[in-house]
Amino acid sequence: MRIAPRISYTKPSMLEAKGKIYKCIPEDLSLFGIKFTENIDNLNIGDDVIVYLELKDEVSLNGIVSRIINPGFVVLFNEDPEVIANTVGKYLTEKIFESKTCPYCGQHLEQKVEICSKCGMYLDFSKKEVVKITKDLKLGNFISKLVHEKKVDYGALCIEENIEMIGSSPKMKQVFSLIRKYAQTDYPVLILGETGTGKELTARAIHERSRRKDKPFVVVNCAAIPEDLLEAELFGYEKGAFTGATHRKIGRVETANGGTLFLDEIGDLPYNLQAKLLRFLQDGTFERLGGNTTHKVDVRIIAATNVDLQKAIEEGKFRKDLYYRLASLSIELPPLRERGNDVIVLAKYFLSKFCKELGKTNVIGFSEEALELMKSYTWPGNIRELINVIRKACVLSDKNIIDVNDLDIRFENINLSNVEEGILNLHKHIENLEKELVQKAFILAGGNITKMASLLSVSRPKVYKLIEKYNIGRIKENIN
Ligand SMILES: Nc1ncnc2c1ncn2[C@@H]1O[C@H](COP(=O)(O)OP(=O)(O)OP(=O)(O)O)[C@@H](O)[C@H]1O
Ligand SMILES: [Mg+2]
């Protein structure tokens, strides 16, 4: 279903591109852009343009060429929702109510209403909020919208203003439910999951939803701190405790007082420190290194690991008693490849996030093939890897659709049983590329066959064949 209506609009209009003014005939107009029926020589995808339209008043709108259709091209408006609402939005709204028909479901409209009583779609686009929501929906930003509105049923958990946890697969819904339940208690929690599955994010989520949310959330990575320094780091030390201890230093457990201490990579906690941690877990007491005084703090422990702690117990590397103390409440984060459609939801979410950050308003989404590829890939680095892949695609791609070629994915990690038939069809991909190149050459050469043949390094008869095959534009024959 279309998110915003498109109306027929054929008043001759002006377009400014590359410093020149052109007279163009539009075909239709929507909140997002306008389609013209002729081509302009040398106009390329991504070119900035200004469109002058005669709506109720004369308006000028900044835009970007998003598609060349031959004949015709599409300009996407590159304007603030407020500007769109006051110009195209008002005009569209007027036309909808003049027609007395809902453009989505055909319901008869007696009077001006904001939302159609039958299909529930917005009908009044003269308000910037409605334009913004409609644009967000089109860009897939609705996920973050819903997160902020705390509609958790849509698969997102609002942790705080700037932390969002996305997912709507049954496994992630279960995780969200555990986060909410565990947040109500003070017991330790053990979070298990492969690298990049969101263990730290989950720990923060529990903290942010607990009564401790205004107190510190302190992270200690047990694998990153050398064994002989870890105890001092955790429990602090007194002056003179060891060579170089020139002053008293409080440890992370004290820093976290009232809040949460997140012990990452708990499987790497040295055996002798495990007993100290167990005691701390039992009564919240500890001594600083080199000190005799026993201190007590109120700290909740959340631990995480990507190693198999049961195996570590069998190998005598991890204390059984500590394990049971930590693991009475546990959360197992599924790897991304087991989250079904979440990979797509996450990919769209991060694409819109990075596009916004990079100001790339022309990027619309992913190609079908790119979506299929992301679904088939095994994501050994899980969400962190997905974020990196999308960020890179967003930075490097000049196109408005992110395609397979833009995704820096290691092909040996594709799960062949998930590969949709045809996704790797070489012939199809070559054809797509060929068509794209011929289209570009056609535009650059202004339809001149000789120039196209030279640009594409093929013979003139071959150019004719390609133009015919892909049904590309009108041919301007050479006079000589
Ligand atoms: N469900 C999710 N929705 C949105 N972002 C997520 C989600 N899960 C993880 N992330 C993001 O993915 C990245 C990796 O998450 P995090 O650091 O929590 O993983 P981890 O399991 O602790 O990784 P590691 O084992 O490597 O330490 C972070 O940027 C995090 O914000
Ligand atoms: Mg981590």
Side-chain angles (χ1 to χ4, degrees), residues 140-148 150-180 182-183 189-209 217-225 252 260-269 301-309 312 326 330-357 374 377-392 394:
N141 286 353
F142 65 100
I143 299 290
S144 57
K145 273 265 115 36
L146 294 170
V147 172
H148 289 298
K150 302 193 184 183
K151 288 190 181 169
V152 288
D153 283 354
Y154 282 87
L157 181 79
C158 177
I159 300 161
E160 57 165 332
E161 198 48 19
N162 294 313
I163 308 179
E164 291 145 359
M165 206 164 170
I166 308 295
S168 54
S169 59
K171 283 186 181 176
M172 283 312 285
K173 280 189 176 164
Q174 215 173 341
V175 167
F176 295 160
S177 155
L178 290 178
I179 289 175
R180 278 185 222 107
Y182 292 174
V189 177
L190 180 64
I191 303 170
L192 305 164
E194 287 179 13
T195 179
T197 45
K199 296 186 290 297
E200 185 167 336
L201 192 66
T202 303
R204 281 184 194 277
I206 296 173
H207 173 77
E208 291 295 338
R209 307 194 127 228
F217 177 83
V218 177
V219 180
V220 175
N221 187 331
C222 303
I225 301 171
R252 305 276 183 103
T260 305
L261 179 67
F262 175 54
L263 296 175
D264 205 358
E265 316 272 11
I266 189 83
D268 286 312
L269 192 70
I301 300 284
I302 301 182
T305 180
N306 57 13
V307 303
D308 183 350
L309 286 183
L326 284 174
S330 68
I331 296 184
E332 210 171 322
L333 292 173
L336 186 53
R337 64 187 162 278
E338 287 175 17
R339 297 190 197 178
N341 210 42
D342 278 6
V343 60
I344 302 303
V345 179
L346 280 158
K348 288 184 177 170
Y349 169 76
F350 284 112
L351 181 68
S352 92
K353 181 175 170 202
F354 295 136
C355 285
K356 212 183 267 173
E357 275 176 22
M374 287 191 286
Y377 184 58
T378 52
W379 298 107
N382 293 290
I383 293 115
R384 185 175 294 112
E385 187 184 3
L386 175 83
I387 293 174
N388 292 338
V389 167
I390 306 291
R391 191 191 286 119
K392 190 167 176 184
C394 210

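Counting starts at 1 for both ligands and their atoms, in listed order.
Considering V175, I166, I383, L386 only, the shortest heavy-atom separation from atom 12 (O) of ligand 1 involves I383. The closest non-hydrogen atom to atom 8 (N) of ligand 1, taken over I191, D264, L201, L192, comes from L201.
Remark: E357 CD is packed, more than 12 non-hydrogen atoms of other residues, nucleotides or ligands lying under 6.0 Å away.
Polar contact check, G196 against ligand 1: a nitrogen or oxygen pair lies under 3.5 Å apart. Between N306 and ligand 1, not a single N/O pair is under 3.5 Å apart.
Closest to atom 25 (O) of ligand 1 among all protein heavy atoms lies K199 NZ, 2.6 Å. Counting only heavy atoms of the protein, atom 14 (C) of ligand 1 lies nearest to R384 NH2, 3.8 Å. At the shortest separation from atom 4 (C) of ligand 1 among protein heavy atoms lies E164 O, 3.3 Å.
Contact of the I390 side chain with the M374 side chain is registered, since non-hydrogen atoms from C-beta on lie closer than 4.5 Å. For the pair V218 and T260, the minimum side-chain heavy-atom distance is 4.5 Å or more. N388 is listed as a side-chain neighbour of R384, based on a closest heavy-atom distance under 4.5 Å. Using a 4.5 Å cut-off on side-chain heavy atoms (C-beta onward), P335 and T378 make no contact.
Residues A223 and D268 come closest through the heavy atom pair CB-OD2, 3.2 Å.
For the side-chain contact (heavy atoms from CB on, under 4.5 Å) test with L333, the passing option among T197, N306, L201 is T197; the others fail.
Near G198, the atoms of ligand 1 lying under 4.0 angstrom from a non-hydrogen atom of the residue are 8 (N), 9 (C), 15 (O), 16 (P), 18 (O), 19 (O), 20 (P), 21 (O). Taking every heavy atom of E200 and a limit of under 4.0 angstrom, the matching atoms of ligand 1 come to 18 (O), 22 (O). Annotation for ligand 1: atoms under 4.0 Å from non-hydrogen atoms of F350 are 4 (C), 5 (N). Near I387, with a cut-off below 4.0 Å to any heavy atom, the atoms of ligand 1 are 11 (C), 12 (O), 13 (C), 29 (O). Listed by number with element, the atoms of ligand 1 under 4.0 angstrom from any heavy atom of T197 are 8 (N), 19 (O), 21 (O).
With a 4.0 Å cut-off on non-hydrogen atoms, L333 does not touch ligand 1 at all.
Residue G193 places no heavy atom under 4.0 Å from ligand 1.
Using modelled atom types, one finds a donor on one side chain and an acceptor on the other under 3.5 Å when comparing S169 with D342.
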Could you please spell out the steps behind the side-chain contact (heavy atoms from CB on, under 4.5 Å) verdict for L309 and L326? CA-CA 11 Å; L309 286 183; L326 284 174; 5.6 Å; no
